[in-house]
Trainee: 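To start, I am sharing the structure in question, which I have written as structure tokens.
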Amino acid sequence: MQISDKIRALTAEAERALAERFRAVDEIAMTNTEHVLDVFRENRVSEAMFSPSTGYGYGDRGRDTADKIVAELFGAEAGFVRTAIISGTHALTVGLFGLLRPGDTLLSVTGAPYDTLREVIGMDAKNGDGSLADFGVSYKEVPMTTAGTVDLPAVKAAIEATPSVKVVFLQRSKGYLDRRTLSVAEIGEVVSLVKSISKDIFVMVDNCYGEFTETSEPTALGVDLMVGSLIKNPGGGMAETGGYLSGTARAVELAGYRLSSPGVGIEAGASLGQTRNILKGFFYAPHTVAEAIKTATLAAYLFEKLGYEVSPGPFEVRHDIIQTIKCKSAEGLIRFCRGIQSASPIDSHVTPEPWPMPGYADPVIMAAGAFTGGSSIELSADGPVRPPYIAYLQGGLTYESARLGIMRAADEMLK
């Protein structure tokens, strides 16, 4: 692979400097792997559970066991995982429509939502498209502080001033914003505040990109509904599609009714032979997430040394797998993504170009040479082509291959 001597030398320097950080990441993976194995053993996962079901899927032991596993892995009362969920946005839509009713208010306490949620909420959608606004659900948001934390006094004031608040929503990761990712402990502080005001308010978390980066998840601290995609962290690069929802029994029950229909919920749904990949994904996830975090850490070191603004910094503790790099120009962002694509195992010969993706306000460029289409746990990079031209890097099934992608991207930026 054509990588300059300068970048190879800088990578060797980075790996020496980051040795302690890498060891800390491996320790988290060790703890989480032991937890996964304990949950699998306690649920007596067996070969027979991989048998596919069709039609209604009644009596599918594999599906039901996978539901129990996603709950227990995340310290929740209940949960479900389904291949019918096509993305993180879809999973969030299931959760929001499950919890909210006409006249309720959705309160986002991490500022503006991710781009694709705007139409779900009704911020950009045309009347009649089926958004929450169409069903009489109001929306309010509380900006985060300048330090990148949840503004707890402002959240308290907003809830007390709006008796119709039914769901307090947090986006753990940054999405396409330039802000900090929230830790599990910080989310727990929000839960404590909300429940001290009213136990009838649901706290819902978009946990995409955050699973297995710490040794506990937000549901363990009382979050009512936590949502994520299987082609991100929890699928471990093995799940080919799907999403999960976990949390309190009542919140999961309501989300299940929105997934299928009231009265049926999660008691039906054919697995179609995907249970093996889903469970294999959970098994691989702690290790794969660790590989992705090491990749992001290496990228932070390299690009900071090359004069770019990065977040998080190379020696910061991480709470998701996303690394941002401010590329300074549209051309810089495009070159970065092309460098990542050129070192991908799939479609390395393809040249990424910005395009108007559905659900996004600006053209988006994506590098995603992945075995599974759109898989963010595989090495990928993307970003909206707008100032300050931030590249959002995530994933890496193996550190060894992902580091080559980072090195190729760095060489492209040097041009």
Side-chain angles (χ1 to χ4, degrees), residues 24-25 27-28 31-32 35-36 39 70-79 88 91-92 95-96 99 106-111 113-114 141-160 165-175 177 179-228 232-234 244-252 255 285-286 289 293 312 316-322:
V25 171
E27 287 176 7
I28 292 173
T31 300
N32 285 335
H35 179 48
V36 170
V39 170
V70 76
E72 292 175 21
L73 281 180
F74 298 149
E77 291 179 355
L92 289 164
L96 290 169
L99 300 182
L106 168 65
L107 178 66
S108 171
V109 299
T110 49
Y114 186 66
E141 65 184 48
V142 176
M144 297 181 75
T145 68
T146 54
T149 60
V150 176
D151 190 338
L152 296 178
V155 171
K156 184 174 187 292
I159 293 173
E160 291 176 342
V165 170
K166 187 62 173 293
V167 172
V168 168
F169 178 80
L170 299 96
Q171 183 177 297
R172 181 177 179 180
S173 192
K174 56 179 59 68
L177 298 175
R179 70 159 175 86
R180 289 177 60 252
T181 294
L182 298 177
S183 68
V184 171
E186 288 175 291
I187 294 171
E189 291 176 1
V190 177
V191 174
S192 296
L193 171 66
V194 172
K195 298 301 181 180
S196 72
I197 299 170
S198 173
K199 289 183 168 47
D200 294 328
I201 296 175
F202 293 110
V203 179
M204 180 173 169
V205 173
D206 174 358
N207 202 39
C208 286
Y209 304 105
E211 298 91 350
F212 297 106
T213 59
E214 300 184 49
T215 54
S216 64
E217 301 292 343
T219 36
L221 296 184
V223 164
D224 293 285
L225 197 61
M226 186 175 79
V227 176
K232 296 182 175 69
N233 300 22
Y244 76 87
L245 294 91
S246 65
T248 59
R250 180 55 175 163
V252 169
V289 169
I293 292 176
E316 290 184 51
V317 175
R318 293 166 183 266
H319 307 293
D320 69 0
I321 64 170
I322 295 179

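Heavy atoms only: backbone and side chains are in, while hydrogens, waters and symmetry mates are out. Heads up: numbering here begins at 1 and tracks the sequence.
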Trainee: Please report the closest heavy-atom contact between Gly210 and Glu217, naming both atoms and the distance.
Mentor: O-OE1, 4.2 Å

Trainee: I'd like to know if Lys156 and Glu189 make a salt bridge, using a cut-off of under 4.0 Å between side-chain N and carboxylate O.
Mentor: no

Trainee: In the structure I gave you, are the side-chain heavy atoms of Phe169 and Leu106 within less than 4.5 Å of one another anywhere?
Mentor: yes

Trainee: Between CZ of Arg180 and OG1 of Thr149, what distance do you get to the nearest 0.5 Å?
Mentor: 7.0 Å

Trainee: Work out which heavy atom in Ala78 is nearest to a heavy atom in Ala249; give both atom names and the distance.
Mentor: CB-CA, 4.1 Å

Trainee: Would you indicate whether the side-chain heavy atoms of Val194 and Ile159 approach each other to under 4.5 Å?
Mentor: yes

Trainee: Minimum heavy-atom separation for Pro143 and Asp151, please, with both atom names.
Mentor: O-CB, 3.9 Å

Trainee: Can you tell me how far apart CG (Leu221) and CD (Glu186) are? Round to the nearest 0.5 Å.
Mentor: 12.0 Å

Trainee: Nearest 0.5 Å, please: how far is CE in Met144 from CZ in Arg179?
Mentor: 4.5 Å

Trainee: Say you draw a straight line from CG of Leu73 to OH of Tyr244; how long is it, rounded to the nearest 0.5 Å?
Mentor: 10.5 Å

Trainee: Decide yes or no for Val205 and Val227: does some side-chain heavy atom of the first lie under 4.5 Å from some side-chain heavy atom of the second?
Mentor: no

Trainee: Could you point out which residue of Lys195, Lys199, Lys166 forms a salt bridge (Lys or Arg N to Asp or Glu O under 4.0 Å) with Asp224?
Mentor: Lys195

Trainee: Would you check if the side chain of Thr219 reaches a backbone N or O of Ala76 as a donor-acceptor pair within less than 3.5 Å?
Mentor: no

Trainee: Do Glu141 and Val109 touch side chain to side chain, with heavy atoms closer than 4.5 Å?
Mentor: no

Trainee: Could you tell me which non-hydrogen atom of Ala255 sits nearest to which non-hydrogen atom of Gly95, and how far apart they are?
Mentor: CB-CA, 4.4 Å

Trainee: Donor-acceptor check, side chain of Thr110 to backbone of Gln171, threshold 3.5 angstrom: yes or no?
Mentor: yes

Trainee: Quick one: does any side-chain atom of Asp206 pair with a main-chain N or O of Arg172 as donor and acceptor, under 3.5 Å?
Mentor: no

Trainee: Report yes or no: does Ser192 contribute a side-chain atom to a donor-acceptor pair with the main-chain N or O of Gly188 at less than 3.5 Å?
Mentor: yes

Trainee: Does the salt bridge (Lys or Arg N to Asp or Glu O under 4.0 Å) test come out yes or no for Lys232 and Asp320, once each step is laid out?
Mentor: CA-CA 11 Å; Lys232 296 182 175 69; Asp320 69 0; over 6 Å; no

Trainee: List the steps and the verdict of side chain to side chain contact (heavy atoms under 4.5 Å, CB included) for Leu245 and Val252.
Mentor: CA-CA 7 Å; Leu245 294 91; Val252 169; 5.6 Å; no

Trainee: For the side chain of Glu214 and the backbone of Ser183, is there at least one donor-acceptor N/O pair under 3.5 Å apart?
Mentor: no

Trainee: Apply the side-chain contact (heavy atoms from CB on, under 4.5 Å) test between Pro218 and each candidate in Leu182, Val191, Val223; give the one that qualifies.
Mentor: Val223

Trainee: Which atom pair, heavy atoms only, marks the closest approach of Ile201 to Val165?
Mentor: CG1-O, 3.6 Å

Trainee: Working to the nearest 0.5 angstrom, can you tell me the gap between Leu170 CG and Met226 CE?
Mentor: 12.5 Å

Trainee: Mind checking the CD1-OG1 spacing from Ile321 to Thr213? Nearest 0.5 Å is all I need.
Mentor: 9.0 Å

Trainee: Using side chain to side chain contact (heavy atoms under 4.5 Å, CB included), reason through Val184 and His319 one step at a time and then give a plain yes or no.
Mentor: CA-CA 8 Å; Val184 171; His319 307 293; over 6 Å; no

Trainee: So, Asn32 side chain and Phe212 main chain: donor-acceptor pair closer than 3.5 Å or not?
Mentor: yes

Trainee: So, for Val36 and Pro286, which heavy atoms are closest and what is the spacing to 0.1 Å?
Mentor: CG2-CG, 3.8 Å

